[in-house]
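Worth knowing before you read on, the calculation uses all heavy atoms, side chains too, and leaves out hydrogens, waters and symmetry mates. This is a predicted model, so every value here is computed, not measured.
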Amino acid sequence: MKNIPQISDAEWLVMKVLWKESPLGSSDVINELKGTTDWKPKTIKTLLSRLVTKRALSYEVGSRGYSYYPLVSENECAKEEARSFLGRVYNGSLNLFVKNFIENKELSTEELEELKKLLEDK
């Protein structure tokens with residue numbers, strides 16, 4: 001199994017930019033995040049560096065500087081995050097999570113039907 005790094009909430013925002021389009025230079029990532037965060041460029045460069053250290057990203061050096069690209073997919077990271085969350089909060093019990101979710105959320109008829117279909121298909 002591939003070793004999927006744990007990434008912070010802030011790192012998720014950077015990764016989402018690069019999952020959408022890559023490779024990108026740090027200035028491109030900064031521009032993408034400008035509208036959704038109030039982070040300084042140095043903060044974003046620090047996050048990029050951390051993601052490289054964690055082996056979530058890599059880079060190529062070109063004439064315009066570093067071009068970053070993901071080493072892990074969004075789907076892989078989402079699965080790992082869900083597994084980690086279940087382990088931390090629900091002691092690994094998917095049943096307890098689903099029970100808690102259903103009991104504490106108003107679900108529309110369509111959502112209930114979709115859940116039933118997913119369970120039946122499994």
Distance in Å, [X] [atom1] paired with [Y] [atom2], rounded so as to fall on 0.5 Å steps:
X	Y	atom1	atom2	answer
E76	N3	CD	CG	11.0 Å
E32	E21	CD	CD	7.0 Å
L33	D38	CG	CG	11.0 Å
S22	Y68	OG	OH	13.5 Å
L47	K42	CG	NZ	12.0 Å
D28	R64	CG	CZ	6.0 Å

[atom1] of [X]: more than 12 outside heavy atoms within 6.0 angstrom?
X	atom1	result
E111	CD	yes
D121	CG	yes
Y90	OH	yes

Side-chain donor/acceptor of [X] to backbone N/O of [Y], under 3.5 Å:
X	Y	result
N31	S27	yes
N100	F97	no
S49	K45	no

Exercise for the section: For the residue pair E74 and M15, establish whether any side-chain heavy-atom pair is separated by less than 4.5 Å. Expected result: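 No, side chains not in contact.
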
Are [Y] and [X] connected into the same hydrophobic cluster when the rule is that any two of I, L, V, M, F, W, Y join if their side-chain heavy atoms are below 4.5 Å apart?
X	Y	result
F85	I102	yes
L86	L118	no
V89	V98	yes

Practice task
Check E81, E80, R88 against S84 for a side chain to side chain donor-acceptor pair (under 3.5 Å) and give me the one that passes.
Solution key: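 Among the candidates, only R88 passes.
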
Problem - Which residues share a side chain to side chain contact (heavy atoms under 4.5 Å, CB included) with F101, sequence neighbours left out - result: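 Listed in chain order: K105, L107.
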
Practice task
Please say which of L18, V72, L71 ends up in a side chain to side chain contact (heavy atoms under 4.5 Å, CB included) with L57.
Solution key: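 Among L18, V72, L71, the one that satisfies the side chain to side chain contact (heavy atoms under 4.5 Å, CB included) with L57 is L18.
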
Handout entry: Nearest heavy atoms of W39 and A10, plus distance in Å
Key =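 It is CH2-O, 3.6 Å.
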
Problem - A78 to W12 - nearest heavy-atom pair and separation - result: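 Closest approach of A78 to W12: N-CH2, 3.8 Å.
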
Exercise for the section: In sequence, state the C-alpha distance, the side-chain angles, and the governing distance for S26 and I44, and then conclude on side chain to side chain contact (heavy atoms under 4.5 Å, CB included). Expected result: CA-CA 8 Å; S26 59; I44 295 169; 6.0 Å; no

Exercise for the section: Evaluate the salt bridge (charged side-chain N to carboxylate O under 4.0 Å, His left out) criterion for residues E120 and K116: first the C-alpha distance (whole Å), next the side-chain angles of each, then the deciding distance (0.1 Å), finally the verdict. Expected result: CA-CA 6 Å; E120 288 168 359; K116 282 183 196 175; over 6 Å; no

Handout entry: Stepwise side chain to side chain contact (heavy atoms under 4.5 Å, CB included) check, L13 with T36
Key = CA-CA 9 Å; L13 293 177; T36 57; 5.8 Å; no

Handout entry: Full working for side chain to side chain contact (heavy atoms under 4.5 Å, CB included) between L51 and V14
Key = CA-CA 9 Å; L51 288 163; V14 172; 3.7 Å; yes

